[in-house]
> 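The following block contains the structure, expressed as structure tokens.
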Amino acid sequence: FATLARANHACAPNCIVDGDEGTLRTVRDVPLGGMLTISYLDEATLLLPRDRRRTELSERWDFMCGCSRCAAAVDDTRRFQGCPSAGCGGDLLVEGGGGGGARPSP
């Protein structure tokens, strides 16, 4: 447990903690020397918009999340599959508070 307690948080973590065994397991490839991260939030809270996730982390763990997902220019909770641009094949991200602006994701 002492080692797991040192794991850093990310809103798009690359690891999970197996509660039964108390082991850290990767959920996607991590480059050699890359940081292993877990989420301090439950799965439902990870689906919330960036501001709500940051508020939860600030109130419960007293830090402002600066992970790559929170630092991104566009909040990815406003993502829709199927970009309408010909040949894109990506997702559609809605910018701002619903003002209608949308752009294909990279």
> May I ask you to test the His9-Ile38 pair for a side-chain heavy-atom distance under 4.5 Å?
no

> Side-chain heavy atoms under 4.5 angstrom apart, residues restricted to Ile, Leu, Val, Met, Phe, Trp, Tyr: same cluster for Trp61 and Ile16?
no

> Any side-chain heavy atom of Leu46 within less than 4.5 Å of one from Tyr40?
no

> Taking C-beta and beyond as the side chain, do Thr23 and Val17 meet within less than 4.5 Å on heavy atoms?
no

> From Thr45 OG1 over to Asp42 CG, what is the distance, rounded to the nearest 0.5 angstrom?
3.5 Å

> So Cys11 and Cys65, side chain to side chain contact (heavy atoms under 4.5 Å, CB included) or not? Walk me through it.
CA-CA 8 Å; Cys11 290; Cys65 186; 3.9 Å; yes

> Could you go through Thr26 and Asn14, starting from their C-alpha distance and side-chain angles, then the distance that decides it, and tell me whether this counts as side chain to side chain contact (heavy atoms under 4.5 Å, CB included)?
CA-CA 6 Å; Thr26 59; Asn14 55 25; 5.6 Å; no

> Going by an N to O cut-off under 4.0 Å, is there a salt bridge joining Glu56 and Arg52?
no

> Could you tell me whether a side-chain N or O of Asp75 sits under 3.5 Å from a main-chain N or O of Arg50, the two making a donor and an acceptor?
yes

> Report yes if the side chains of Met35 and Asn8 come closer than 4.5 Å at any heavy-atom pair, otherwise no.
yes

> Counting N and O atoms only, with roles assigned by atom type, does the side chain of Arg28 sit under 3.5 Å from a partner on the main chain of Pro13, one being a donor and the other an acceptor?
yes

> Short question: side chain of Arg69, backbone of Ala12 - any donor-acceptor pair under 3.5 Å?
no

> Val30 and Leu24: same hydrophobic cluster, using ILVMFWY side-chain contacts below 4.5 Å?
yes

> Do other residues, nucleotides or ligands put more than 12 heavy atoms under 6.0 Å from the CG atom of Asp62?
no

> Would you check if Arg53 and Cys70 make a side-chain contact, meaning some heavy-atom pair closer than 4.5 Å?
yes

> Okay, side chain of Thr55, backbone of Asp51: is any donor-acceptor separation there less than 3.5 Å?
yes

